[in-house]
Amino acid sequence: MDINTLIEVALIIVKVIFVSLILFTLPIPLTWIERKVAGHIQVRLGPFRVGPHGILQPVADMIKLMFKEDIAPEKADKWLFRFAPLFAMIPAFAVYAAIPFGDKITIPIINKEVTLYISDMNVGILYILAVGGISVYGIILGGWASNSKYALLGGIRSSAQMISYEIALTFSCIGVVMTSNSLSLLDIVKFQSGTILGFIPNWNIIYQPIGFVIFFIAALAEINRIPFDLPEDEGSLAAGYHVEYSAMKFSFFMLTEYVAMVTASVLAVILFFGGWDAPLFMPEIPIFWFVAKVGFFIYLFMWIRFTLPRYRYDQLMSIGWKILLPLSLLNILITGLFLL
Amino acid sequence: MSIFKKIFFIDFIKGLSLTLGYEVSKSVTMRYPDEEKWAPYQRFRGLHTLNRDAQGRELCVACELCAKACPTKCITVVPMEDDKGIGISDRIAKVYEINLVRCMFCGLCEDACPTTAIRMGRDYELACFSLDCAAADKKRLLAPREIPQEFEGGYVVMARLERNKEGINIKPDLTRKKRWW
Amino acid sequence: MEQIFFYIFAIATVASAIAVISLRNPVHSAISLMVCFLQVAALFILLRSPFLAAVQVFIYVGAVVVLFLFAVMVLDLGKERFGEYLHHQRPIALVVVIGFVFVMGFTILHGSLDAQLGNYTEKALVKNTEIMGKLLFTKYVFPFEVVSLLLLIALIGAIVLAMKEKR
Amino acid sequence: MATVKINGKEITTEDGTLILDAARQAGFEIPTFCYQARLSRLGSCRMCLVEIGGQKKLQPSCITPVLHGMEVFTENETVKSARSSMLEFLLANHPLDCPTCDKGGECELQDFVFKSGPRRSPFSEWKRRFHEKDEILSPIIVKNHNRCIHCERCARICDEVVGVSALGGIGRGAKTQETSFWNTTLDCDHCGNCIEVCPVGSFMSLPYRYKSRPWDLKEADTVCPYCATGCQITIGARNGEILRVRSKSATGINKETLCSRGRFGYHFMQSGKRLTKPMIKKGGKLIECSWDEALSAIKQRFGMGRKTAGIASARLTNEELFVFQKLVRDVFKTNNIDLDSRFANKWVTSAMVDICGFGEGGISIFDALKADTIFIIGSAISDENPITDYLIRTTASDKRKTLILAHPRRIKLNSSATISLKYKPANPGDVIKGIVNFIEKGKDKAEGDIDTAALRFKNASNITMFLGADILRLDNGVDVLKNIAVLKTLLKKAGKNINCLPLFDRCNQRGAINMGIHPLFLPGFKKTEEEGMDCGEILSAAKNGEIESLYVLGEDIVSMYPDAGFAKDAVSKVKFLVVQDTFLTETAKMADVVLPGATYAEKDGTFTNQEGRVQRVRKIISCVGDSKDDLSILDNIGGFGYKSAKDVFDDIKEEVPSYKDILFDALNNAGVLVNGQGAGVMSHESGVRSQRQEAIDDSEYPFQIITGNHLFHSGRLSQKAHVLVKLLAEPFVEISDEDAKELGLSDKEVVIVKSKEYEAALKLRMVKGSQKGVAFIPENFDSVSVNLFYKKGKGIPKVKIIKQ
């Protein structure tokens, strides 16, 4: 193996570690932001006591979670109970192997071109959806292994919900794939550069408005956020599938949820909002626009969370099967017709 | 029209804009206990106070009417004789104890008191770490309060959180006050 | 390098496959099945077929096994119930398995299972998905349609079975 | 008989009944302030105004008797508005200081105003004010005259019932003050009856001052433990602390009255000097130990048979005494059991039983007082049985009745007596003999008091004799009682109805005799198979080493037995001495095992008073420290398995026929008189031995000592009640004014009282009208133990009194 290959491999390892670290630490600011957003939307201040403006609150929470007693129910399936958080977490992280954060940048000192993605798969979107789908195992097993009726119901609800909405999610992506003519995310982003008529960004949202709506709704359901956070319905299920979890195992689930939220935002940006493409004559800054757009979507998720009430379970299912699924098929049909 | 509304998620956007409006509006949170503290209205019914007259004599004559009037029977009064002029009468309370765990702060004791000795005060910070402090004895009830009875309430006043060996103490600064909300 | 990975995945596949049939707890079996499918997907990747791998994960891992688990959990099949069914089948199953192993071994050793390698270069295989799509809709269009028809029938059949009669 | 219509309801009553009483019989309540059943009629408060049909003006019902055909309205608007106006007038000057007034909550004025008073008053004038600070009239009475409503109940009860006349009115109109002479410290009986009858908070108890509110008190009705009158008292306790004792206006034989002992003598129970743990003697010292240790020591070391003995106090309940005699007779197998009381020899006691007819059942004192001639001998009744004194005084105020009082000392009741007889302490028999002589000889002309008394006897048709406990103390008591028996037979022969009542100084003395705490008879006066030893004999035997184990239950023999040196010597020779008491008495200090018992407020049971009235003692507070009630201690030692006083009482009912019909649970405040038991009463005649011993006239020692309880004290128990000690802290010697004049002594001077055995310096008290040559020293004080003057077998000690 020559030196270049070694550098490539090293670079990939560095990127993997870098991305993982970011993902691991991401919930720390995100929880803080979420609580702040919640506070302000409810005309409160949110966390304020730990650190300036409560900025250290998530750290305090983290420390608390680390040192809490790790309790497993006596009649729980011990192995599955322990592995369920991992089942949930690993796919959520694995998804990032295929996600591009930008095109290429040149690192100034060593004057080396570095791609801002771990790998460019030609089936990237499929990979993401497939691997993302595995996350459901964590939830379903966590619910089952707890040997608790609330957890089991939460788990079952969750898996049913995820399977249902995964279909709509995938179908909504197909429209994008059809317009972009590629399964690779890099290609999809590249397709969206430029403008239409000189002032409208050439983003998929223009071609696929229905697709985006479906994608967005399905993503909300897929990542279990309000208004579709039925699995952890406090009112009727105590806390859903992770009711028996505590300490670090519980925090893994939380981590998974936050990472999933980021993934959903990232996908929305890449598929429909041009990825790192700067909007409208704005200067091209590596990663910045990408992060900004993702940040907006994350904020949107939080915003929605504190705006809408939770759906009823039967409503959730009927939306998924009776509205989103036919609509997404229709979308594919229309897209196909346009392409012809 | 409703179809239009549905297609373009008008209600949804309305909701979002409403919450966004709240998000940028000023928060109503009182930063208690770090910076601010609510000084309740004078009519507030918090921890009782035993009052003194202008000469500093105890107003309580230990008539036990408060104990009799109390619906939860949380007041214990044991009278004693005194000729040193501690109270306005030669009958004063040897023991005056209110069991705050039982007290429901109804204020009937106030109504029963013939000498206006017992008044519902404004202290509401009654949580503590042991049951000992759940019984307010005479000394505690007689002690001057940080928010005096005369202070016109209904304000938020600036406050300072103090931690010392005795516990946590919130010191209000009555000169700096503002309307809440 | 590839060889090492192949063996790792292959062993894991076989091991998890054995686990599927040997574990007593149906939930554990389903999990093993999922692991098995995942390994198969990994093998597909080694075979330069990421699309298949993705679809494998997508359909089998993401949907089929989840539904298995679903059924197992909802029906709450205990260990005891499995015992009832397996009791008399054991000798028959043994005979079938031995027969199957014999036939498989025989054909493999004979080389009669060798497939023709496609005339694709390493470079062309990058566009694997495209190739597969084209093949499916040209050369294998008939079987493809037959399979989809079959699935449609299964779908309708399931609906008919599940639907309650209206009175 | 008169038939009247009250509020439309017809009722027939006797002529002369007050409208008030008639209305109350008919069930209509009329408020009163100045009316008190046993007091003279005043009619000053005008609360009881009623309308009488045909009369324009309202009439006070408490002084107006009913007339046949009268129509009375007590509830109509006129009466109601009159009542309301009367209350308004009373409130015009009554300070509304109820919050600081001790009466608040049980004040009659408060109640009536609440019920029928005006809700507002137009008066805006200043209220009358006598003083700013409450006046302390005595160690027990505090007065706030601003509150007075001039009902004068206090002055009347003091004068008419107690007989002290310490209170009276000064000033006129609204400015009248009911107060003491010169408004100074009271020198009276300190009975506190003025406090009890005061309808407002004018007279208040100082020990109870500012202690509690009436509604805080847990009250229980029980019986006073001091003398055998058997007054009903109501003890009020708060949080296990006894705060006051009071009487109830319509309860018990005492009604609203009590004496200072009963009312203020409760502090001994919580004096802090109580025994709280059992003690056992180790190496010559008493060391606190566990109950198990103490009880097992008794079970192991207490002997059996003749060499054991038990002495009990008559302050214990019937149940405890019954179990004690059962313990001594059945477990210790001996008849050596006696009461401490007055240390009478067994023959005197049985003679008393006989002459008072204990076997014939109880005689209600109210029935006894219906007699036209009342004769009291051998008791300083005003000091020993104050409430009986009150009852007799109120009866004797009827001038048709004759009260003959024979006692060497002049006592309070002498002022109400028709004839006061005096005798030398050693020879009360002389008086009886004189009377018998007069009657037997058929004389008609009286020469001297005794003859006058005899003449009264002769003319009487219904006679009640009260025989005091002093007779029990005399060595020649049997002779005295024999004389009385002769008189009794004589009078009976003359067709007169005679009742004999004992006057005892211990609350359950009669009960104790009923329970068989006596060497000669078992419960129910059944004769024992063999004679046991009485207290004196036990001590003599102990001195000779013939008593090895002695169980002393609640009695301080060393301090009380006449001849202290002898008693101490005798007790110290006992090998195993068990003392069960509430305090560490002199006797207890010598004990091998000391068991802490309970006081009357800490146990259930019954007392039988001198009339034979069985009354309930109720538990109010729990036992102090580790102490236990005496019943369970005795039961534990004997292993009888009694669970409660009621269990024991059921056994008593079987053993003692006179208790057969009494239901323990149904005993109420009135008590139940014991029945006659018919046959089975032993007669004293068989074994009477004369022990007549004249006190030899010795010119060197001219005074005969008599002793007994002072009004404020009873035995040594009251020494532990600090309020009573405040009333009288030190002993004194009381002689007649004539003697004092002869000796040149003045009142309150300290003199030396000297006998052959002992001498002591005491304050002198002069009393006008006492018998010459008699010195009285109260026996209640540790500082001068009167029993030191005594010498066993020498009778009444003789002393001389010298100027210091």
Side-chain angles (χ1 to χ4, degrees), chain B residues 48-53 55 57-99 102-103 107-119 135 137-138 141-142, chain D residues 91 94-107 110-111 113-114 129-147 195 200-202 204-218 236-244 270 722-723 726:
Chain B
H48 317 63
T49 61
L50 275 178
N51 294 342
R52 295 172 190 270
D53 69 354
Q55 284 99 57
R57 298 177 301 175
E58 287 172 19
L59 281 169
C60 178
V61 295
C63 66
E64 300 190 25
L65 287 181
C66 45
K68 184 75 180 159
C70 183
T72 60
K73 299 276 165 279
C74 69
I75 306 178
T76 312
V77 188
V78 177
M80 67 180 247
E81 198 174 343
D82 158 75
D83 46 11
K84 295 189 197 100
I86 295 172
I88 54 167
S89 149
D90 52 355
R91 181 187 174 115
I92 62 165
K94 182 160 88 182
V95 174
Y96 196 106
E97 199 173 276
I98 299 177
N99 187 345
R102 273 203 243 161
C103 180
L108 286 181
C109 48
E110 265 189 331
D111 295 350
C113 187
T115 61
T116 69
I118 184 125
R119 279 286 169 270
D137 58 1
K138 193 179 164 190
L141 294 171
L142 273 169
Chain D
L91 290 179
H94 188 85
L96 296 176
D97 57 353
C98 306
T100 55
C101 177
D102 267 335
K103 199 79 176 179
E106 53 182 1
C107 172
Q110 224 177 20
D111 291 349
V113 170
F114 191 77
R129 236 176 141 69
F130 292 98
H131 46 70
E132 288 302 318
K133 281 224 154 215
D134 294 359
E135 291 171 341
I136 291 171
L137 289 188
S138 87
I140 51 145
I141 299 171
V142 62
K143 195 186 70 159
N144 182 332
H145 209 270
N146 301 329
R147 298 175 186 146
I195 301 168
V200 290
S202 186
M204 291 169 297
S205 154
L206 194 53
Y208 172 64
R209 187 170 164 80
Y210 298 162
K211 282 272 162 36
S212 175
R213 284 286 175 195
W215 59 76
D216 288 329
L217 296 174
K218 189 184 130 204
R238 185 184 188 183
N239 295 335
E241 188 191 355
I242 295 177
L243 290 181
R244 70 164 178 189
Q270 290 169 331
H722 67 83
V723 173
K726 245 188 240 170

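Chain letters run A, B, ... following the sequence lines, proteins first, then strands; residues in each count from 1. Treat the numbers as computed from the prediction; the structure is a model and nothing was measured.
- D:D134 has no carboxylate O lying under 4.0 Å from a charged side-chain N of B:R91, or vice versa, which leaves the two without a salt bridge.
- The one candidate from B:V61, B:I92, B:D90 that meets the side-chain contact (heavy atoms from CB on, under 4.5 Å) condition with D:T100 is B:V61.
- The two residues B:C63 and D:P99 come nearest to each other via the heavy atoms CB-O, 3.0 Å.
- Nearest approach of B:V77 to D:R238, heavy atoms of both residues: O-NH2, 2.6 Å.
- In B:K84, the NZ atom is not crowded: 12 or fewer heavy atoms of neighbouring residues, nucleotides or ligands sit closer than 6.0 Å.
- Residue D:D216 touches chain B through its side chain alone, counting heavy-atom pairs closer than 4.5 Å.
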Trace of the side chain to side chain donor-acceptor pair (under 3.5 Å) decision for D:Y210 with B:D82: CA-CA 9 Å; D:Y210 298 162; B:D82 158 75; over 6 Å; no
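- Classification of D:R209 and B:E81 as a salt-bridged pair holds, one side-chain N sitting under 4.0 Å from a carboxylate O.
- Residue B:P79 comes nearest to D:S212 through the heavy atom pair CG-N, 3.8 Å, listed as atom of the first residue, atom of the second, then distance.
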